[in-house]
Amino acid sequence: MAKESPKVWLTVLIHKDKLVRDPANTQKQSRKVFNELRKNIREEGFDENLLVCPHPTLPDMFVIFSGNHRFEA
C-alpha cells in the first residue's frame with residue numbers, strides 16, 4: 001500500500017482584488033462583534049492567514065473559505 005504524502009500549505013500573497021467572499025458562508029456576526037473585530041485588527045493586527053481556493057468559474061480569482069469576516073474587517 002502506497003504511503004500518502006503529507007499535505008503542505010504554502011503562504012502566498014494574493015492581491016485583495018483577486019479575492020471573493022464565499023457566498024455560501026452561513027456564519028453571521030452582529031454589528032457589535034464585527035466592530036470589535038475591526039478595532040482589534042487595527043490595534044493588534046492578525047496572524048491567522050485567510051484560507052482560499054481557486055474560484056471554480058473565474059480564472060485567476062480565489063474564494064475565501066476561512067477568514068471572510070477578517071477580510072471584510
Side-chain angles (χ1 to χ4, degrees):
M1 178 180 246
K3 187 175 182 179
E4 186 176 328
S5 299
K7 293 185 185 332
V8 176
W9 297 81
L10 300 175
T11 300
V12 178
L13 294 177
I14 298 172
H15 194 277
K16 66 180 180 168
D17 292 343
K18 294 197 174 280
L19 300 175
V20 178
R21 287 181 287 150
D22 183 0
N25 181 7
T26 59
Q27 294 185 345
K28 305 293 181 205
Q29 278 187 340
S30 70
R31 179 57 56 190
K32 180 181 178 187
V33 171
F34 178 75
N35 287 337
E36 289 172 3
L37 173 63
R38 258 177 119 166
K39 181 180 179 217
N40 185 269
I41 288 173
R42 282 187 182 131
E43 292 173 356
E44 307 289 330
F46 66 89
D47 60 0
E48 187 177 345
N49 296 330
L50 304 179
L51 300 180
V52 302
C53 61
H55 195 285
T57 59
L58 299 174
D60 298 322
M61 298 295 286
F62 299 86
V63 177
I64 302 168
F65 66 87
S66 178
N68 283 280
H69 293 118
R70 282 176 280 138
F71 177 71
E72 187 67 29

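Only a predicted model underlies this, so the values are computations on that prediction, with no experimental measurement involved.
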Legend entry - Same apolar cluster: Phe62 and Phe71, side chain cutoff 4.5 Å: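 Yes, Phe62 and Phe71 fall within the same hydrophobic cluster.
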Inset, instruction - Please identify each residue that fulfils side-chain hydrogen bond (donor to acceptor under 3.5 Å, both in side chains) with Asn49, with sequence neighbours left out. - result: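 Expected list: Thr11.
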Inset, instruction - Answer yes or no: are there more than 12 heavy-atom neighbours, outside Glu43 itself, under 6.0 Å from its atom CD? - result: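 Atom CD in Glu43 is packed in, count exceeds 12.
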[X] [atom1] to [Y] [atom2] distance, which is reported to the nearest 0.5 Å:
{"X": "Lys18", "Y": "His55", "atom1": "NZ", "atom2": "NE2", "answer": "12.5 Å"}
{"X": "Gln29", "Y": "Asn68", "atom1": "CD", "atom2": "CG", "answer": "10.0 Å"}
{"X": "Asn35", "Y": "Asn40", "atom1": "CG", "atom2": "CG", "answer": "12.5 Å"}

Inset, instruction - Identify the heavy atoms of Met61 and Asp17 that sit nearest to each other, and give their distance. - result: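 In terms of heavy atoms, the two residues are closest at CE-O, 3.4 Å.
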Inset, instruction - Might you point out which heavy atoms bring Ile64 and Asp22 nearest each other, and give the distance in Å? - result: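 It is O-CB, 3.1 Å.
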Inset, instruction - Mind running side chain to side chain contact (heavy atoms under 4.5 Å, CB included) on Leu37 and His69 for me, showing each step along the way? - result: CA-CA 8 Å; Leu37 173 63; His69 293 118; 3.8 Å; yes
